[in-house]
Number of protein chains: 2
Amino acid sequence: MMIISVTEENYLKAIFSAAHLSESRVGNQLIAEKLSINPASVTEMLRRLHDKKLIQYNRADGAKLTAQGLKSAIKVVRKHRLWETFLVGHLNFTWDEVHEIAEQLEHIQSDKLLDELDRFLGNPGFDPHGDPIPNKSGKIPVLKSKILVEAEIGKKLKVVKVADNTASFLKYLDKQGIALGDIIFVKEVQDFDGSLLVELKGKREIYLSAEAARKIMVE
Amino acid sequence: MMIISVTEENYLKAIFSAAHLSESRVGNQLIAEKLSINPASVTEMLRRLHDKKLIQYNRADGAKLTAQGLKSAIKVVRKHRLWETFLVGHLNFTWDEVHEIAEQLEHIQSDKLLDELDRFLGNPGFDPHGDPIPNKSGKIPVLKSKILVEAEIGKKLKVVKVADNTASFLKYLDKQGIALGDIIFVKEVQDFDGSLLVELKGKREIYLSAEAARKIMVE
DNA sequence: AGATATAATTTGGTTAACCTAAATATTTTT
DNA sequence: AAAAATATTTAGGTTAACCAAATTATATCT
Ligand SMILES: [Mn+2]
Ligand SMILES: [Mn+2]
Ligand SMILES: [Mn+2]
Ligand SMILES: [Mn+2]
(Lines give C-alpha, C1' and ligand atoms only; values in the text may rest on other atoms or scores of the structure.)
(Ligands and ions follow the chains in the order given, each with its own letter.)
Protein backbone atom coordinates (compact mmCIF):
# COMPACT_ATOMS: atom_id res chain seq x y z
CA MET A 1 0.00 0.00 0.00
CA MET A 2 1.39 3.34 -1.04
CA ILE A 3 1.17 5.95 1.70
CA ILE A 4 -0.76 9.07 0.79
CA SER A 5 -0.46 11.91 3.28
CA VAL A 6 -3.38 13.97 4.52
CA THR A 7 -2.14 16.90 2.48
CA GLU A 8 -1.89 14.79 -0.64
CA GLU A 9 -5.41 13.51 -0.08
CA ASN A 10 -6.67 17.05 0.11
CA TYR A 11 -5.04 17.91 -3.19
CA LEU A 12 -6.55 14.85 -4.85
CA LYS A 13 -9.98 15.74 -3.54
CA ALA A 14 -9.59 19.32 -4.75
CA ILE A 15 -8.62 18.15 -8.23
CA PHE A 16 -11.50 15.69 -8.26
CA SER A 17 -14.15 18.19 -7.31
CA ALA A 18 -12.74 20.90 -9.58
CA ALA A 19 -12.81 18.50 -12.53
CA HIS A 20 -16.39 17.53 -11.73
CA LEU A 21 -17.95 20.93 -11.69
CA SER A 22 -16.00 22.93 -14.22
CA GLU A 23 -15.35 20.68 -17.20
CA SER A 24 -12.42 22.85 -18.23
CA ARG A 25 -8.76 22.65 -17.28
CA VAL A 26 -7.81 22.13 -13.66
CA GLY A 27 -4.87 24.47 -13.34
CA ASN A 28 -2.38 25.32 -10.76
CA GLN A 29 -4.27 28.39 -9.77
CA LEU A 30 -7.67 26.84 -9.26
CA ILE A 31 -6.19 24.26 -6.92
CA ALA A 32 -4.34 26.96 -4.99
CA GLU A 33 -7.62 28.82 -4.63
CA LYS A 34 -9.54 25.80 -3.41
CA LEU A 35 -6.97 24.92 -0.79
CA SER A 36 -6.10 28.49 0.23
CA ILE A 37 -2.51 27.86 -0.68
CA ASN A 38 0.07 29.71 -2.71
CA PRO A 39 0.32 28.67 -6.39
CA ALA A 40 4.04 28.18 -6.00
CA SER A 41 3.38 25.49 -3.42
CA VAL A 42 0.98 23.78 -5.76
CA THR A 43 3.66 23.42 -8.42
CA GLU A 44 5.73 21.51 -5.92
CA MET A 45 2.94 19.20 -4.81
CA LEU A 46 1.71 18.46 -8.34
CA ARG A 47 5.19 17.25 -9.12
CA ARG A 48 5.05 14.92 -6.11
CA LEU A 49 1.63 13.62 -7.08
CA HIS A 50 2.90 13.01 -10.57
CA ASP A 51 5.90 11.11 -9.27
CA LYS A 52 3.54 8.96 -7.23
CA LYS A 53 1.50 8.36 -10.38
CA LEU A 54 -1.61 9.85 -8.85
CA ILE A 55 -2.00 12.53 -11.52
CA GLN A 56 -0.88 13.36 -15.01
CA TYR A 57 0.23 16.89 -15.58
CA ASN A 58 1.02 19.18 -18.46
CA ARG A 59 0.65 22.85 -18.91
CA ALA A 60 -2.03 22.61 -21.56
CA ASP A 61 -4.44 20.28 -19.81
CA GLY A 62 -3.51 20.96 -16.20
CA ALA A 63 -3.86 18.23 -13.63
CA LYS A 64 -5.77 15.02 -14.35
CA LEU A 65 -6.25 12.19 -11.91
CA THR A 66 -4.93 8.80 -12.97
CA ALA A 67 -7.00 5.68 -12.24
CA GLN A 68 -5.05 5.38 -8.98
CA GLY A 69 -5.56 9.01 -8.08
CA LEU A 70 -9.25 8.88 -8.90
CA LYS A 71 -9.72 5.85 -6.72
CA SER A 72 -8.05 7.57 -3.79
CA ALA A 73 -10.01 10.78 -4.28
CA ILE A 74 -13.32 8.95 -4.45
CA LYS A 75 -12.51 7.07 -1.28
CA VAL A 76 -11.89 10.31 0.57
CA VAL A 77 -15.17 11.73 -0.71
CA ARG A 78 -16.94 8.53 0.32
CA LYS A 79 -15.55 8.82 3.82
CA HIS A 80 -16.42 12.51 4.05
CA ARG A 81 -20.04 11.96 3.09
CA LEU A 82 -20.56 8.85 5.19
CA TRP A 83 -19.26 10.65 8.26
CA GLU A 84 -21.53 13.62 7.58
CA THR A 85 -24.42 11.21 7.34
CA PHE A 86 -23.45 9.64 10.64
CA LEU A 87 -23.13 12.97 12.41
CA VAL A 88 -26.54 14.15 11.29
CA GLY A 89 -28.26 10.83 11.62
CA HIS A 90 -26.98 9.71 15.00
CA LEU A 91 -25.16 12.51 16.77
CA ASN A 92 -27.70 15.34 16.55
CA PHE A 93 -25.65 17.50 14.25
CA THR A 94 -27.37 19.85 11.82
CA TRP A 95 -26.39 19.98 8.16
CA ASP A 96 -24.55 23.25 8.59
CA GLU A 97 -22.28 21.86 11.35
CA VAL A 98 -20.85 18.73 9.82
CA HIS A 99 -18.52 19.79 7.06
CA GLU A 100 -15.52 20.86 9.12
CA ILE A 101 -15.55 17.74 11.24
CA ALA A 102 -15.91 15.55 8.17
CA GLU A 103 -12.83 17.30 6.79
CA GLN A 104 -10.95 15.72 9.67
CA LEU A 105 -12.69 12.35 9.73
CA GLU A 106 -12.25 11.75 6.01
CA HIS A 107 -8.55 11.10 6.63
CA ILE A 108 -8.94 8.29 9.14
CA GLN A 109 -7.45 5.19 7.62
CA SER A 110 -9.18 1.88 8.08
CA ASP A 111 -10.98 -0.11 5.44
CA LYS A 112 -12.93 -2.00 8.04
CA LEU A 113 -14.09 1.21 9.67
CA LEU A 114 -15.30 2.47 6.31
CA ASP A 115 -17.18 -0.72 5.49
CA GLU A 116 -18.74 -0.99 8.91
CA LEU A 117 -19.76 2.63 9.02
CA ASP A 118 -21.45 2.17 5.67
CA ARG A 119 -23.27 -0.90 6.95
CA PHE A 120 -24.23 0.80 10.20
CA LEU A 121 -25.80 3.65 8.25
CA GLY A 122 -27.64 1.28 5.91
CA ASN A 123 -25.53 1.96 2.81
CA PRO A 124 -26.90 5.43 2.20
CA GLY A 125 -26.82 6.81 -1.35
CA PHE A 126 -26.79 10.48 -0.41
CA ASP A 127 -25.42 12.66 2.36
CA PRO A 128 -27.26 15.34 4.36
CA HIS A 129 -26.70 17.88 1.58
CA GLY A 130 -28.01 15.56 -1.11
CA ASP A 131 -24.53 14.83 -2.42
CA PRO A 132 -24.05 11.30 -3.75
CA ILE A 133 -22.02 8.84 -1.68
CA PRO A 134 -19.72 6.65 -3.79
CA ASN A 135 -20.23 2.98 -2.98
CA LYS A 136 -17.46 0.60 -1.97
CA SER A 137 -16.48 -0.04 -5.57
CA GLY A 138 -16.32 3.67 -6.33
CA LYS A 139 -19.57 4.00 -8.24
CA ILE A 140 -21.32 7.30 -7.66
CA PRO A 141 -25.14 7.36 -7.73
CA VAL A 142 -26.49 9.89 -10.20
CA LEU A 143 -29.43 12.14 -9.68
CA LYS A 144 -30.84 13.92 -12.70
CA SER A 145 -31.71 17.02 -10.74
CA LYS A 146 -31.78 20.59 -11.93
CA ILE A 147 -31.64 23.95 -10.26
CA LEU A 148 -34.88 25.49 -9.09
CA VAL A 149 -34.57 28.60 -11.31
CA GLU A 150 -34.83 26.33 -14.34
CA ALA A 151 -37.94 24.54 -13.12
CA GLU A 152 -41.12 24.57 -15.12
CA ILE A 153 -43.81 26.75 -13.57
CA GLY A 154 -46.51 24.85 -11.71
CA LYS A 155 -44.70 21.52 -11.77
CA LYS A 156 -44.48 19.71 -8.44
CA LEU A 157 -40.90 18.96 -7.54
CA LYS A 158 -38.86 17.54 -4.71
CA VAL A 159 -35.87 19.29 -3.13
CA VAL A 160 -33.04 16.77 -3.41
CA LYS A 161 -29.80 18.65 -3.02
CA VAL A 162 -28.18 21.95 -2.23
CA ALA A 163 -25.47 23.37 -4.44
CA ASP A 164 -23.92 25.45 -1.67
CA ASN A 165 -22.82 23.85 1.58
CA THR A 166 -21.83 26.98 3.47
CA ALA A 167 -23.30 27.28 6.94
CA SER A 168 -24.83 30.64 6.07
CA PHE A 169 -26.83 29.30 3.14
CA LEU A 170 -27.92 26.19 5.00
CA LYS A 171 -29.08 28.21 7.98
CA TYR A 172 -31.00 30.48 5.63
CA LEU A 173 -32.83 27.45 4.25
CA ASP A 174 -33.60 26.31 7.80
CA LYS A 175 -35.05 29.71 8.51
CA GLN A 176 -37.21 29.50 5.40
CA GLY A 177 -38.29 26.03 6.44
CA ILE A 178 -36.84 24.36 3.36
CA ALA A 179 -35.32 20.91 3.81
CA LEU A 180 -34.29 18.00 1.59
CA GLY A 181 -37.29 15.95 0.56
CA ASP A 182 -39.73 18.83 0.67
CA ILE A 183 -42.25 19.16 -2.14
CA ILE A 184 -42.03 22.52 -3.81
CA PHE A 185 -43.29 24.25 -6.93
CA VAL A 186 -42.82 27.55 -8.65
CA LYS A 187 -45.93 29.72 -8.87
CA GLU A 188 -44.51 32.85 -10.46
CA VAL A 189 -41.27 34.31 -11.68
CA GLN A 190 -40.77 38.00 -11.02
CA ASP A 191 -39.76 39.64 -14.24
CA PHE A 192 -37.64 42.47 -12.93
CA ASP A 193 -35.31 40.56 -10.61
CA GLY A 194 -35.89 36.92 -11.46
CA SER A 195 -37.04 36.08 -7.93
CA LEU A 196 -39.49 33.24 -7.50
CA LEU A 197 -42.72 32.79 -5.66
CA VAL A 198 -42.84 29.15 -4.62
CA GLU A 199 -45.27 27.01 -2.73
CA LEU A 200 -43.74 24.76 -0.12
CA LYS A 201 -45.17 21.49 1.16
CA GLY A 202 -48.59 22.55 -0.05
CA LYS A 203 -48.99 24.93 2.81
CA ARG A 204 -46.75 27.95 2.61
CA GLU A 205 -45.79 30.51 -0.01
CA ILE A 206 -42.39 32.10 0.05
CA TYR A 207 -40.27 34.34 -2.11
CA LEU A 208 -36.80 33.21 -3.07
CA SER A 209 -34.16 35.33 -4.74
CA ALA A 210 -32.79 34.04 -8.04
CA GLU A 211 -29.51 33.79 -6.18
CA ALA A 212 -30.98 31.33 -3.67
CA ALA A 213 -33.00 29.44 -6.26
CA ARG A 214 -29.83 28.75 -8.20
CA LYS A 215 -28.52 26.80 -5.21
CA ILE A 216 -31.52 24.59 -4.65
CA MET A 217 -31.66 21.42 -6.70
CA VAL A 218 -34.93 19.72 -7.49
CA GLU A 219 -36.16 16.65 -9.24
CA MET B 1 -7.90 28.32 22.36
CA MET B 2 -4.30 27.32 22.20
CA ILE B 3 -3.52 24.99 19.34
CA ILE B 4 -1.99 21.66 20.35
CA SER B 5 -0.66 19.60 17.47
CA VAL B 6 -1.27 15.89 17.06
CA THR B 7 2.35 15.22 17.96
CA GLU B 8 2.11 17.34 21.07
CA GLU B 9 -1.05 15.50 22.10
CA ASN B 10 0.77 12.21 21.77
CA TYR B 11 3.57 13.42 24.03
CA LEU B 12 1.08 14.61 26.64
CA LYS B 13 -0.69 11.28 26.56
CA ALA B 14 2.61 9.42 26.91
CA ILE B 15 3.60 11.52 29.92
CA PHE B 16 0.17 11.03 31.45
CA SER B 17 0.15 7.27 31.15
CA ALA B 18 3.78 6.93 32.21
CA ALA B 19 3.08 8.95 35.34
CA HIS B 20 0.04 6.82 36.12
CA LEU B 21 1.65 3.44 36.07
CA SER B 22 5.16 4.03 37.31
CA GLU B 23 4.97 6.52 40.15
CA SER B 24 8.61 7.41 39.61
CA ARG B 25 10.20 10.05 37.44
CA VAL B 26 8.99 10.46 33.85
CA GLY B 27 12.25 11.03 32.07
CA ASN B 28 13.32 11.85 28.63
CA GLN B 29 14.18 8.29 27.92
CA LEU B 30 10.91 6.71 28.97
CA ILE B 31 8.98 9.06 26.74
CA ALA B 32 11.29 8.32 23.84
CA GLU B 33 10.67 4.62 24.39
CA LYS B 34 6.90 4.96 24.52
CA LEU B 35 6.74 6.99 21.34
CA SER B 36 9.47 5.13 19.46
CA ILE B 37 11.37 8.32 19.07
CA ASN B 38 14.96 9.38 19.60
CA PRO B 39 15.71 10.88 23.06
CA ALA B 40 17.30 13.88 21.39
CA SER B 41 13.97 14.68 19.77
CA VAL B 42 12.24 14.44 23.11
CA THR B 43 14.49 17.11 24.59
CA GLU B 44 13.33 19.44 21.86
CA MET B 45 9.65 18.71 22.31
CA LEU B 46 9.71 18.92 26.10
CA ARG B 47 11.08 22.41 25.71
CA ARG B 48 8.19 23.31 23.44
CA LEU B 49 5.65 21.82 25.82
CA HIS B 50 7.22 23.77 28.64
CA ASP B 51 7.03 27.00 26.64
CA LYS B 52 3.37 26.31 26.05
CA LYS B 53 2.94 25.76 29.80
CA LEU B 54 1.70 22.22 29.31
CA ILE B 55 4.44 20.67 31.41
CA GLN B 56 7.00 21.55 34.04
CA TYR B 57 10.42 20.11 33.55
CA ASN B 58 13.61 19.70 35.49
CA ARG B 59 16.26 17.07 35.45
CA ALA B 60 15.51 15.74 38.90
CA ASP B 61 11.78 15.20 38.57
CA GLY B 62 11.50 14.81 34.83
CA ALA B 63 8.34 15.93 33.06
CA LYS B 64 5.18 16.74 34.97
CA LEU B 65 1.92 17.82 33.42
CA THR B 66 0.56 21.20 34.48
CA ALA B 67 -3.17 21.59 35.12
CA GLN B 68 -3.49 22.66 31.47
CA GLY B 69 -1.46 19.74 30.22
CA LEU B 70 -3.33 17.27 32.36
CA LYS B 71 -6.65 18.52 31.07
CA SER B 72 -5.52 18.10 27.48
CA ALA B 73 -4.09 14.64 28.12
CA ILE B 74 -7.25 13.45 29.82
CA LYS B 75 -9.36 14.71 26.96
CA VAL B 76 -7.30 12.72 24.48
CA VAL B 77 -7.64 9.60 26.64
CA ARG B 78 -11.38 10.20 26.92
CA LYS B 79 -11.68 10.41 23.15
CA HIS B 80 -9.55 7.33 22.63
CA ARG B 81 -11.64 5.20 24.95
CA LEU B 82 -14.99 6.48 23.79
CA TRP B 83 -14.07 5.73 20.18
CA GLU B 84 -12.93 2.23 21.14
CA THR B 85 -16.25 1.72 22.86
CA PHE B 86 -18.09 2.89 19.76
CA LEU B 87 -16.12 0.63 17.45
CA VAL B 88 -16.75 -2.46 19.53
CA GLY B 89 -20.30 -1.60 20.47
CA HIS B 90 -21.66 -0.53 17.10
CA LEU B 91 -19.24 -1.34 14.32
CA ASN B 92 -18.52 -5.02 14.96
CA PHE B 93 -14.90 -4.53 15.92
CA THR B 94 -13.23 -6.90 18.34
CA TRP B 95 -11.22 -5.62 21.29
CA ASP B 96 -7.95 -6.46 19.63
CA GLU B 97 -8.70 -4.39 16.53
CA VAL B 98 -9.63 -1.01 17.94
CA HIS B 99 -6.50 0.50 19.39
CA GLU B 100 -4.80 1.64 16.21
CA ILE B 101 -7.89 3.29 14.83
CA ALA B 102 -8.56 5.00 18.15
CA GLU B 103 -5.03 6.37 17.95
CA GLN B 104 -6.20 8.27 14.90
CA LEU B 105 -9.69 9.18 16.09
CA GLU B 106 -8.48 10.56 19.43
CA HIS B 107 -7.09 13.59 17.59
CA ILE B 108 -10.33 14.71 15.94
CA GLN B 109 -11.21 18.10 17.31
CA SER B 110 -14.78 18.91 18.12
CA ASP B 111 -16.28 19.34 21.55
CA LYS B 112 -19.74 18.68 20.25
CA LEU B 113 -18.65 15.46 18.62
CA LEU B 114 -17.15 14.33 21.91
CA ASP B 115 -20.25 15.17 23.94
CA GLU B 116 -22.62 13.60 21.45
CA LEU B 117 -20.56 10.47 21.09
CA ASP B 118 -20.61 10.10 24.86
CA ARG B 119 -24.38 10.55 24.92
CA PHE B 120 -24.87 8.16 22.01
CA LEU B 121 -22.93 5.48 23.88
CA GLY B 122 -24.85 6.08 27.10
CA ASN B 123 -22.00 7.74 29.02
CA PRO B 124 -19.98 4.57 29.50
CA GLY B 125 -17.58 4.35 32.43
CA PHE B 126 -15.23 1.80 30.93
CA ASP B 127 -13.89 0.91 27.52
CA PRO B 128 -13.69 -2.55 25.90
CA HIS B 129 -10.48 -3.32 27.78
CA GLY B 130 -11.92 -2.29 31.12
CA ASP B 131 -10.00 0.98 31.15
CA PRO B 132 -11.84 3.88 32.79
CA ILE B 133 -13.27 6.61 30.58
CA PRO B 134 -12.81 10.10 32.03
CA ASN B 135 -16.08 12.00 32.13
CA LYS B 136 -16.65 15.42 30.59
CA SER B 137 -15.22 17.19 33.60
CA GLY B 138 -12.12 15.00 33.59
CA LYS B 139 -13.01 12.76 36.47
CA ILE B 140 -11.78 9.20 36.05
CA PRO B 141 -13.86 6.35 37.53
CA VAL B 142 -11.84 4.13 39.84
CA LEU B 143 -12.03 0.41 40.08
CA LYS B 144 -10.41 -1.28 43.04
CA SER B 145 -9.34 -4.29 41.03
CA LYS B 146 -6.30 -6.45 41.51
CA ILE B 147 -4.38 -8.86 39.36
CA LEU B 148 -5.49 -12.46 39.24
CA VAL B 149 -2.21 -13.86 40.61
CA GLU B 150 -2.90 -12.03 43.86
CA ALA B 151 -6.42 -13.38 44.21
CA GLU B 152 -7.47 -15.40 47.23
CA ILE B 153 -7.95 -19.07 46.42
CA GLY B 154 -11.54 -20.14 46.07
CA LYS B 155 -12.99 -16.63 46.03
CA LYS B 156 -15.44 -15.86 43.20
CA LEU B 157 -14.28 -12.86 41.18
CA LYS B 158 -15.25 -10.94 38.10
CA VAL B 159 -12.85 -10.17 35.24
CA VAL B 160 -13.01 -6.39 34.89
CA LYS B 161 -9.94 -5.28 33.01
CA VAL B 162 -6.89 -6.40 31.08
CA ALA B 163 -3.49 -4.94 31.83
CA ASP B 164 -2.11 -5.65 28.37
CA ASN B 165 -3.87 -4.36 25.26
CA THR B 166 -1.72 -5.99 22.64
CA ALA B 167 -3.63 -7.88 19.98
CA SER B 168 -1.70 -11.05 20.73
CA PHE B 169 -2.72 -11.16 24.39
CA LEU B 170 -6.33 -10.23 23.64
CA LYS B 171 -6.59 -12.94 21.01
CA TYR B 172 -5.12 -15.41 23.46
CA LEU B 173 -7.88 -14.54 25.94
CA ASP B 174 -10.49 -14.99 23.20
CA LYS B 175 -9.07 -18.41 22.50
CA GLN B 176 -9.28 -19.31 26.19
CA GLY B 177 -12.83 -18.02 26.24
CA ILE B 178 -12.10 -15.32 28.81
CA ALA B 179 -13.93 -12.02 28.42
CA LEU B 180 -14.67 -8.99 30.58
CA GLY B 181 -17.49 -9.67 33.01
CA ASP B 182 -16.79 -13.37 33.30
CA ILE B 183 -16.92 -14.95 36.74
CA ILE B 184 -13.70 -16.70 37.59
CA PHE B 185 -11.99 -18.22 40.59
CA VAL B 186 -8.65 -19.73 41.42
CA LYS B 187 -8.71 -23.40 42.39
CA GLU B 188 -5.02 -24.15 42.76
CA VAL B 189 -1.66 -22.50 42.42
CA GLN B 190 1.10 -24.64 40.96
CA ASP B 191 4.07 -24.38 43.24
CA PHE B 192 6.88 -24.92 40.79
CA ASP B 193 5.93 -22.35 38.13
CA GLY B 194 3.21 -20.25 39.75
CA SER B 195 0.65 -21.18 37.11
CA LEU B 196 -3.01 -21.19 38.11
CA LEU B 197 -5.83 -23.61 37.72
CA VAL B 198 -8.97 -21.50 37.46
CA GLU B 199 -12.63 -22.22 37.01
CA LEU B 200 -14.38 -20.06 34.47
CA LYS B 201 -18.07 -19.21 34.39
CA GLY B 202 -18.74 -22.21 36.60
CA LYS B 203 -18.30 -24.59 33.71
CA ARG B 204 -14.74 -24.86 32.53
CA GLU B 205 -11.35 -25.37 34.13
CA ILE B 206 -8.27 -23.90 32.53
CA TYR B 207 -4.63 -23.43 33.31
CA LEU B 208 -3.16 -19.97 33.09
CA SER B 209 0.52 -19.07 33.25
CA ALA B 210 1.57 -16.65 35.98
CA GLU B 211 2.54 -14.41 33.08
CA ALA B 212 -1.03 -14.33 31.78
CA ALA B 213 -2.58 -14.13 35.25
CA ARG B 214 -0.58 -11.01 35.93
CA LYS B 215 -2.40 -9.30 33.08
CA ILE B 216 -5.93 -10.17 34.08
CA MET B 217 -7.57 -7.83 36.55
CA VAL B 218 -10.38 -9.00 38.80
CA GLU B 219 -12.68 -7.59 41.39
C1' DA C 1 36.67 10.20 46.21
C1' DG C 2 37.38 8.57 41.71
C1' DA C 3 35.86 5.50 38.05
C1' DT C 4 32.10 3.90 35.49
C1' DA C 5 27.61 3.69 33.81
C1' DT C 6 23.43 6.06 32.54
C1' DA C 7 20.74 10.00 31.09
C1' DA C 8 20.22 14.32 28.78
C1' DT C 9 21.68 17.82 25.70
C1' DT C 10 24.05 19.91 21.85
C1' DT C 11 25.37 19.95 17.18
C1' DG C 12 24.63 19.43 12.66
C1' DG C 13 21.88 17.22 9.54
C1' DT C 14 16.95 15.72 6.76
C1' DT C 15 12.11 15.95 4.90
C1' DA C 16 7.37 17.65 4.08
C1' DA C 17 4.76 21.70 3.52
C1' DC C 18 4.42 25.82 3.31
C1' DC C 19 5.80 31.14 1.94
C1' DT C 20 7.36 35.65 -0.93
C1' DA C 21 9.46 37.73 -4.66
C1' DA C 22 11.45 37.41 -9.07
C1' DA C 23 11.75 35.22 -13.47
C1' DT C 24 9.57 32.72 -17.42
C1' DA C 25 5.96 31.07 -20.21
C1' DT C 26 1.75 31.39 -22.39
C1' DT C 27 -2.47 33.79 -23.86
C1' DT C 28 -5.01 37.55 -25.10
C1' DT C 29 -5.48 42.01 -26.77
C1' DT C 30 -4.37 45.78 -29.60
C1' DA D 1 3.57 40.83 -34.50
C1' DA D 2 4.30 43.45 -30.45
C1' DA D 3 2.45 44.70 -25.94
C1' DA D 4 -0.12 43.56 -21.99
C1' DA D 5 -2.17 40.44 -18.98
C1' DT D 6 -2.28 36.01 -16.84
C1' DA D 7 -0.32 31.62 -15.33
C1' DT D 8 3.44 28.93 -13.85
C1' DT D 9 7.90 28.00 -12.23
C1' DT D 10 12.27 28.99 -9.90
C1' DA D 11 14.99 30.60 -6.19
C1' DG D 12 15.69 31.26 -1.67
C1' DG D 13 13.53 31.01 2.92
C1' DT D 14 10.80 29.13 7.22
C1' DT D 15 8.87 25.83 10.64
C1' DA D 16 7.69 21.40 12.82
C1' DA D 17 9.38 16.89 13.57
C1' DC D 18 12.37 13.96 13.23
C1' DC D 19 17.57 11.54 13.26
C1' DA D 20 22.74 10.12 14.48
C1' DA D 21 26.89 11.14 16.71
C1' DA D 22 29.39 13.63 20.02
C1' DT D 23 29.42 15.94 24.37
C1' DT D 24 28.17 17.03 29.04
C1' DA D 25 25.85 16.15 33.30
C1' DT D 26 24.26 13.13 36.93
C1' DA D 27 24.05 8.80 39.56
C1' DT D 28 26.05 4.54 41.05
C1' DC D 29 29.59 1.57 42.31
C1' DT D 30 34.02 0.16 44.14
MN1 LIG E 1 -18.89 18.50 3.39
MN1 LIG F 1 -21.93 16.99 2.19
MN1 LIG G 1 -6.30 1.72 23.11
MN1 LIG H 1 -8.67 0.67 25.57
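By convention in this document, chain letters (A, B, ...) are assigned in the order of the sequence lines, proteins followed by strands, and residues within each chain are numbered from 1.
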Determine: side-chain N/O of [X] to OP1/OP2 of [N], distance under 4.0 Å, yes or no.
| X | N | answer |
| --- | --- | --- |
| A/Gln29 | D/dT6 | no |
| A/Ser5 | C/dA16 | no |
| B/Tyr11 | D/dC18 | yes |
| A/Ser41 | C/dC18 | no |

### Task
Please figure out whether B/Gly27 or B/Glu44 has its closest DNA chain C nucleotide nearer the 5' end.
B/Gly27
### Query
So, B/His107 versus B/Glu9: side-chain donor-acceptor pair below 3.5 Å or not?
yes
### Query
At under 4.0 Å between heavy atoms, what does A/Thr7 touch on the DNA or RNA strands: base, sugar-phosphate, or nothing?
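Result for A/Thr7 = sugar-phosphate.
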### Task
Quick one: closest heavy-atom pair of B/Leu91 and A/Lys112, and the distance?
O-CE, 4.5 Å
### Task
Report the nucleotide, chosen from C/dT9, C/dA16, D/dA16, that has the shortest atom-to-atom distance to any side-chain atom of B/Arg48.
D/dA16
Please give, in whole Å, the distance from [N] [atom2] to [X] [atom1]?
| X | N | atom1 | atom2 | answer |
| --- | --- | --- | --- | --- |
| A/Leu49 | C/dA16 | CG | P | 13 Å |
| A/Asn28 | C/dC18 | CG | P | 14 Å |
| A/Asn38 | C/dA21 | CG | P | 10 Å |
| B/Leu35 | D/dC18 | CG | C1' | 12 Å |
| B/Glu9 | D/dA16 | CD | C1' | 15 Å |
| B/His50 | C/dT9 | NE2 | P | 12 Å |
| A/Asp51 | C/dA17 | CG | P | 13 Å |
| A/Met45 | C/dC19 | CE | P | 11 Å |

### Query
Parallel, tilted or perpendicular for A/Phe120 and B/Phe86, by the 30°/60° rule?
perpendicular
### Query
Got a sec: does the CD of B/Glu103 have more than 12 other heavy atoms crowding it under 6.0 Å?
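Yes.
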### Task
Please check if the distance between the ring centroids of B/His80 and B/His99 is under 6.0 Å.
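Yes: the rings meet the under 6.0 Å criterion.
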### Query
Between A/Glu219 and A/Lys146, is there a salt bridge with N-O shorter than 4.0 Å?
no
### Query
By a strict heavy-atom criterion of less than 4.0 Å, which residues belonging to residues 52-64 of chain B are in contact with DNA chain D?
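Result for residues 52-64 of chain B: B/Arg59, sorted by number.
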### Message
How long is the straight-line distance from CD1 of B/Ile37 back to CD of B/Glu44, given to the nearest 0.5 Å?
### Response
10.5 Å
